[in-house]
Each structure stands twice: as structure tokens, then as C-alpha cells.
Amino acid sequence: MFVSFKLPFARRCKTTAAVFAVLGLLSSPISVQARLSSEPALAAPTENVQTPSINAEQVLFLGPLPAFSSEQLALTGKAKAQRQQLLRLLEKQPLPVAGRQVSVFEQQLSWQLLSLQEAAAAGPGLWFVQFSHPAYLKAKLALSGVQAPEIFLNLQSQPNNSELKLATGWQQLLIFSDGEKAGEALQLSLTPSNQVPVQFQLAAKEPVNNRLLTNAETISQLAVSDNGQWLLVSFSGRSDVSDMQLQRTELRDLSKNTVVHTFSQQNLGRAAFSPDNQWLSYQANNTLWLQNLNSGEVHPLLENQSGLGTYSWAADSKSLFIQWTQADTSLKDTKAKLYRSLEDRWRNNRDISRIFQLDIQSGLVRALTTDKASSFLADVRQDGRALLFTQRRNDRSTPPHASTALFELDLSSLTARELGVYQHFGQIEYYQQGYLIVGGPNFANGAGINLPAGDDIANDYDGQLYFMDATSLEVTALSKAFDPSISSIALNNRQQVVAQVSEGDRTLLYSVDIERQRYTKLPFNLDVVERFSLANDRNNTVVALGTGVLTPQQLEKVQIGQRRASTLHSSQALYQHIQLGEVHDFIVTNPQGDNIDGRYYLPPDFDANKKYPAIVYYYGGTTTVNRQFTGRYPFHHWAANGYIVYVVQPRGTIGYGQRFSALHVNAWGKYTADDIIYATEQFVARHPFVDGKRLGNIGASYGGFMTMYLATQTDMFAASISHAGISALSSYWGQGWWGFLYSGVASRGSFPWNNQELYVGQSPLYMADKITTPLLLITGDSDVNVPAGESQQMYTALKLLGRDVALVEIPGEDHHIIDREKRYVWWDHLLAFFDKHLKDETDWWQQLSQE
């Protein structure tokens, strides 16, 4: 597949008395899908001061292709479709190199390295060439001397003699040609208008680009049958040529890793195998389907029903327990909304979710819960006689201001026994004569706390494991001495337990011996496990999906007790034409004696004798920035654009033990800012290839808050970006959908009326006059987690103070920028802002701000 778009450092704190606190495209032509508020436009860059034209001397030629000449194609009426099919074929293949073959109607055609003259003389065919440029490029693309040329830039049709506006990177040209044109000079040229060097070239490797990161096929779902025989895997990718999402689901024989059946253009929702391994259930188009794994017969169980949610199979495989939601319509025609609770700000808060049982044979449904409060299915007992469910309880008296009621429902009498009401609850599963529970350290009156006497309040995002006796309901902590944070667990019928944990900046799987409280790491070759499934077979087979810091998505299998994982699927082939820079760990010990974890990404063409600008990234909001291959912030792509990218994990994050994570509580910038500043100073001091005068920093959500807060504490950064950042703790606490709940953990016991030192003293808005660093504020205008007003009020303050500030809102987007094309625009603004301030390259930012 190929798609290409492609002070001496002592200057530090502004005020030593300040209290430090902590809180946790590629390039197609630029289109405006963001609203930009900025300082008055810069003086326009020098236009029409063109550098000399750059001419291509060689191309790779595929042909001759007489059937693809414009004259013959015109006779078919399907010219566009025919050429599109050839482009689609090439899109799925590695980059062309001389000698690589393409099979067309049983004929093997080879890419040939030819001069322009030789390619034109060869007749109808396809030309391929790349060009690269180290900065935002404005240039005219021109081709002459060939008959009926059709040009595709990065697989998108591009008019001849057109003006290009391209972000930094590598670009690809595919050109259909009917051969040479008599009487016209042969030339393929680029003429830059903004004096950016550009180079035609042919290479089997190129830097990573954002369209590959978003288009590459990935696995979105996996499920393993109880007996370990079947594996269901859903794939999703995108074709730019076809302009469509490509989906499929495969049913595989896990023992042989062979495909038994493919569901074309389907990504089955919530797929699950029955315990007797006879049935596959899944959801599609508001319908619950059932497929017989022996006969292949498929039929609907519940047709065209809205509100269908998660479900579990009964142990005897004769029924399903379904989460089914009834939508609230009381506000449909109302002229006013009177709030019933704090949660009424949430979308769909008044919907009621209940648990139902669906009989497979008859298709009939019975309600198991009928309360006015929503009930949520947690687990079904192995003997099928009972199930566990939860209900949310509003509890305003103590942080975090919400509790969870746990119930066990007898399925013969339909009577429910309340097990208790708990705060800091995450998950409950049946285990032997009781239950396993995942919760925070303060669960069950602090049963899991492991802090020195008199130390800070425990961070309840630091997940712990507990056992609750079914009769006495006594709770026993099982993970106090286990530093990684437990996020979830899975059990099979053999009572094998697997825990997914955050360990430093990795997300790993451990098998758990409950009786001995022993944790054994499973030998997956993954830095970050995204999904996993545990079978009931005698080998306790575990299938896990994940990535590594240099490894694209992989699907692996481990049988507990084995020392090695086997690979079932790898995305590595999709990146075989991509050159990634090296990634190295960097750990520094802060003045308090704590190890501050981190890593840094180098450009693919890294030269240790050069000085590079650097981007420092952090979160600080109680979880680490993990080692996934890509994500919302594409570090490899930033590095490919000529930046060193340093990711730092300050104090307050989970995964390093309870004492470390407890420093998140009632801090909001303390400790975290100290660690970011100190670690960055050390990083620059120990790496001479980093230019300490050209440092940028960026964070999102709590990390966006940290960007604003750091700007009030230090002038070490030359440019700062805050995405969805919090500028005033009190307005986020009261207006963010989950603000008061998050603050119930991060600001436990502190409120605007009893701790103004925290809510005012740690809010960047109240220190805006100390900010002198150029600052980009970026947010989705529909963000309900951290409302756009948090960025707007900081923008207002800095504009009134006459500071260098810009505000970008992405229309229609929430806390995460999901829309694919808007994501490219969002990424463009981030890099363009850094290019302007860290590279003195203003053209890209100027182009965006003008539009």
C-alpha cells in the first residue's frame, strides 16, 4: 500500500516563589474546516519570487498499457472507473521500485526506471515519481510534451499547470500518459513560489504520513470462542481512490489461523460466541443476529430494535441477557428543561436501561429489572442461576459525589439482593465463593490504600483488585503490593484470571493467582494491549491486540504458561515502505529522588551533528502517555517533519505505585510542572542535537491545562499549544459534564468555597498576565468534557493583555477530533504553529490564518 502526503538553558522559571502544580496532514491542499481567531495577519510572505524550476529527470514506468490510452478508454464510457481500478490495485501495494512486477490479465508488467524521454517514447503507460520538500510548499506543477496526461497527486486527481499548496513531507505523482507529443518540449517540473527547496526522487522508503496513519487497515474487534477453536476479527480501513471505508469480518480457525468465512463489508457489532460453541451472535443495523457455526445459517433474533446494548450468553447457551435502553422523550417538545440532578446536563441521562433475557428457541423476551433507575449487567454466574448488575446512585455528601449499588439477581425467583453501595467502583465478576472487584484504593472504606502514614490522599484512578466473600461481604485487598494499576480483569470457567494493567507507559496483561496474590506477566510482544479475549480451553488461551512504540498493530496468541507469543496477524506489511526514526527511553531522577520516565522520537534522517527543534508532550492527568504506535497525537509524523519529540511522564500518574500517583490529588500543576521543566532541562543538557532555544510544548485536556499553567511558570518554551485545556478550575468543575466527578478525585475534599488557594491559585486564567510565550488554543466547539469556554476565556485575557495568542475551534467536534478530514486540519494547525515559531517558517500558518 502506498499513500503519501505527506538562552543557555538556564532560562527557566519566571518566579521562584511560584507554586508549581500538576494536572492530569498530511498534506493535501489546505481546506478550511476550522475557525481561527488570531493576532492580525502577518505581512504576506514574498510572492512570485520564484526559485528556478525543478525538473524530473527519471520516472518509474509501468507499461506499455494500450488498453489505458485515453483514446481507447473514451470508447468504453468507463474511462474513470478503469483507471480508478488500476490506482486501487497500486494503492494496496508497496511503493513502486524498479523491477517490481504488477500482474495484469495474466501478463507480468515490471516497473522500469526510465528517463522522461524513454518513458514518453514507450507509449501509453503509467509514470511514478516522488518529490520532497522540508517546509510548506507553494509551487506550480507542470507537465508538457506528452499526449493526454492525467495527473494524480497522492492518488487524487490534479489538474496540469496547477498551483500546489502542500504541507511539509513527501508527495507522490502517478501520471497516465498516451506517449510523447510531437512539437512540444518534454518536461515535468515544479516551480516553487515561496523559495522552498524541492527535490524529485525515487525511493523505496519515505517518512510516515498522516493519511497512512488514518487509512491503514486496523482490527477493531476480536472475540474468541469458549473452546478456543474460533476467532472472530473485524477489520476497518479506507481507500482514498475509492473514497470509501473498507470493512470486513473474518471467522478463523484459531488452531490453524485460517479463514473459514468472511463477512464482506461488515464490521459486526458486539460479536460473541455461545458457551457450547454452536452459535455466533452479533449486532448490525439495530438487529441482533444469530449464526449457526455448523450449518452457516443466519437468522435475526431481535429485528430493527433501537437501544440494544451489551449482552452476555447464558451458561447453557439457550438464552441471552441483554442490556436494552428505553429512550426518554419527555423533553422532545418542551420549551424549558428543569434540571432534576447534576447529571441532567448529560446527553441521554434520562434514558432508562434495563436487563432482559432473550430465549433463543422462541425469540421471546422477559424483563429482569423494571426499576425506574437504570440497571447495568455486570456478569452471569457460571451455573446460570444468578447474575450481577449495578445501579448508579447519586451521593452528594462525599467525593467523588457518586456511588454504585451492587446487586445479585436470582434468576428463578427474580429477587435481587443488594450487596452494598460503594464509591470508587469499577468492575465486578463472579469468582469461586464470592466476587472479584476492580476499584480505587478508597474502595470499601480504603481497603486498598498503600501509602505511608500521614501521606497524601490516594488517587482512585490507580485501580486495585479485591475479593468479596459472597456470604459475609467482607472485602480483601489483593494488589496492595502490586505497583501497576489494574484497569480490568477477565475470567474463564476454569477460574483463570487475567488482568489488564498500566505499568509505566505500557499496557500489559498479567495472569493472576488469587490465592497467592501472585502476578505473572504474559509474554506478549506488545507495548500497549488494546483488546484481549480469554478462552475456556484447557490451555487458557489468550488472544491480544495491540501495538508497540515502533510496531504497528499486531494480533497475538498466548497459552498461559507458555514463554512466547505467536503472531496471528501483523500490520507491518502496510508500513514496509515507511522509514521510521529511532525511539529511545530517557529517564531522569528529579531533585526529590523520583525517577521521571520518558522517551524521545528522532527524525528518520537524523543527523547527530545537527541542531533540531523539539516538541515536549505530556498529559499529567493521572495516566501516562502510552507507547502506542499512533494515536490522536502522531509523534512519528512530527518527527518526520524535522522535530525531536520528547514525551515525559511527570509525578501524579498511575502505573508507578500509589505514592507516585497520590501526588495527583489536590495538586493541579504542583509536582507535574516541576517535573516537566526539570526533565526538559536535563533532556536538552544531555542531548546536544536538541536546540534549547527552539522548544515547543503541547498537551491535551489536563495536558492542555498544563500547557497554560507552564506558560505562567516558565519562559523556556518558544511556542506552546493547549488542546481542550482547562483555564479556570472552578468553571471546569461546574460546567464540564464530568467536571465535578473528576474533581471529586483530583480535588478530593476541595471546593471553590473552602480552598480558594487551589481553585484560584492554580488556575492559569488568574495568572494570565505572566504569560509571554506565543500560545495556540485549540478546541472542538462542541466539547462537553472541557467546554470551549475554557479556551475562549484564556484567549480573551491574552488578547486584552496584548499577547501573542491564537484560538482555533473545530466545528461540530467534541473532546476528541473524530471526523477524518477535520482531524487533518487540526493536525495541520498544530504543525504549522510550531513551524512558524520553532523553524521561522511562516507560510503554512499564514495560509491557514488567511483562509
Side-chain angles (χ1 to χ4, degrees), residues 220-223 225 230 232-234 236 245 247-249 251 261 263-293 295-334 343-344 346-380 384 386-392 407 409 411 414 416 531 533 818:
S220 55
Q221 177 182 227
L222 68 90
S225 63
W230 305 110
L232 191 84
V233 188
S234 293
S236 182
Q245 202 71 16
Q247 297 179 323
R248 76 180 192 281
T249 297
L251 178 63
H261 179 73
F263 301 82
S264 300
Q265 270 310 98
Q266 292 189 65
N267 193 329
L268 311 184
R270 300 191 174 102
F273 293 95
S274 62
D276 64 4
N277 306 295
Q278 300 300 307
W279 303 100
L280 171 66
S281 55
Y282 58 89
Q283 294 179 13
N285 301 320
N286 287 334
T287 298
L288 179 61
W289 297 87
L290 194 65
Q291 176 167 349
N292 188 303
L293 291 171
S295 67
E297 178 188 358
V298 180
H299 66 272
L301 282 175
L302 278 174
E303 298 180 69
N304 196 26
Q305 296 293 328
S306 61
L308 294 176
T310 58
Y311 62 89
S312 293
W313 278 93
D316 60 7
S317 300
K318 294 180 179 179
S319 63
L320 293 169
F321 299 101
I322 302 174
Q323 199 79 49
W324 202 350
T325 300
Q326 178 183 356
D328 175 74
T329 58
S330 63
L331 297 174
K332 182 178 179 181
D333 299 315
T334 188
E343 291 77 12
D344 238 356
W346 301 347
R347 192 178 298 116
N348 305 323
N349 177 61
R350 297 188 184 185
D351 295 352
I352 302 296
S353 183
R354 297 187 174 93
I355 303 169
F356 295 79
Q357 187 174 15
L358 169 63
D359 180 59
I360 296 301
Q361 186 173 6
S362 68
L364 297 182
V365 178
R366 67 168 179 164
L368 302 182
T369 61
T370 56
D371 308 51
K372 291 184 178 180
S374 289
S375 300
F376 301 96
L377 180 64
D379 192 24
V380 181
L387 61 78
L388 295 167
F389 70 91
T390 66
Q391 290 183 348
R392 176 187 172 82
F407 297 90
L409 179 70
L411 289 172
L414 294 188
R531 294 178 176 85
S533 186
I818 301 299

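- Between Ala271 and Leu232 the shortest heavy-atom distance is CB-CD2, 3.0 Å.
- The main-chain N or O of Asn292 is never found under 3.5 Å from a side-chain atom of Gln278 such that the two would form a donor-acceptor pair.
- Side-chain N or O atoms of Gln291 include none that pairs as donor or acceptor with a backbone N or O of Glu297 at under 3.5 Å.
- Among the candidates Val233, Leu293, Leu268, the single residue satisfying the side-chain contact (heavy atoms from CB on, under 4.5 Å) test with Leu251 is Leu293.
- Using the six-membered ring where Trp is involved, His299 and Trp279 have ring planes that are perpendicular, over 60° apart on the 30 and 60° scheme.
- Glu343 pairs by the side chain to side chain donor-acceptor pair (under 3.5 Å) definition with Ser341, Arg392, Arg396, not counting sequence neighbours.
- When every heavy atom of Asn286 is checked against every heavy atom of Leu308, the shortest pair comes out as O-CD1, 3.9 Å.
- In terms of heavy atoms, Val380 sits closest to Leu377 at CG2-CD1, 4.4 Å.
- For Phe407, the ring pair (Phe, Tyr, Trp, His ring centres under 6.0 Å) partners are Phe389, not counting sequence neighbours.
- Legend: residues meeting salt bridge (charged side-chain N to carboxylate O under 4.0 Å, His left out) with Arg350, ordered by chain and number and at least two apart, are Asp344.
- By the side chain to side chain donor-acceptor pair (under 3.5 Å) test, Ser330 pairs with Asp328, sequence neighbours left out.
- With sequence neighbours excluded, the residues satisfying side chain to side chain contact (heavy atoms under 4.5 Å, CB included) with Ser362 are Asp359, Leu364.
- For Ser274 and Asp276, the side-chain atoms include at least one donor-acceptor pair closer than 3.5 Å.
- Side-chain atoms of Ser281 and Tyr311 include a donor-acceptor pair closer than 3.5 Å.
- A donor-acceptor pair under 3.5 Å links the side-chain atoms of Trp324 to the main chain of Ser306, judged by distance alone.
- At least one side-chain heavy atom of Leu302 sits less than 4.5 Å from a side-chain heavy atom of Ile322.
- For Ser533, the side chain to side chain contact (heavy atoms under 4.5 Å, CB included) partners are Leu222, Val224, not counting sequence neighbours.
- Taking all atoms of both residues into account, the shortest heavy-atom contact from Gln283 to Gly309 is NE2-O, 2.8 Å.
- The structure places CG of Leu288 at 10.5 Å from CZ of Arg270, a figure rounded to the nearest 0.5 Å.
- Looking at residues two or more places apart in sequence or on another chain, you find a side chain to side chain contact (heavy atoms under 4.5 Å, CB included) between Ser319 and Ala314, Phe321, Gln357.
- More than 12 heavy atoms of other residues, nucleotides or ligands sit less than 6.0 Å from atom CZ of Arg366.
- Residues Thr287 and Pro300 come closest through the heavy atom pair CG2-CB, 3.8 Å.
- Residues satisfying the side chain to side chain contact (heavy atoms under 4.5 Å, CB included) criterion with Ser353, sequence neighbours excluded, are Gln323, Thr325, Ser374, Phe376.
- Within the 4.5 Å cutoff, the side chain of Gln245 has heavy atoms near those of the Ser236 side chain.
- When the side chain to side chain donor-acceptor pair (under 3.5 Å) test is applied to Gln391, the partners found at least two apart in sequence or on another chain are Asp371, Ser375.
- Between Leu320 and Leu290 there is no side-chain heavy-atom pair separated by less than 4.5 Å.
- The closest donor-acceptor contact from the side chain of Arg531 to the backbone of Ala223 lies at 3.5 Å or more, if one exists at all.
- Every residue two or more places apart in sequence or in another chain was checked for a side chain to side chain donor-acceptor pair (under 3.5 Å) with Trp230, and none qualifies.
- When all heavy atoms are compared, the tightest approach of Pro275 to Trp313 is CD-CB, 3.5 Å.
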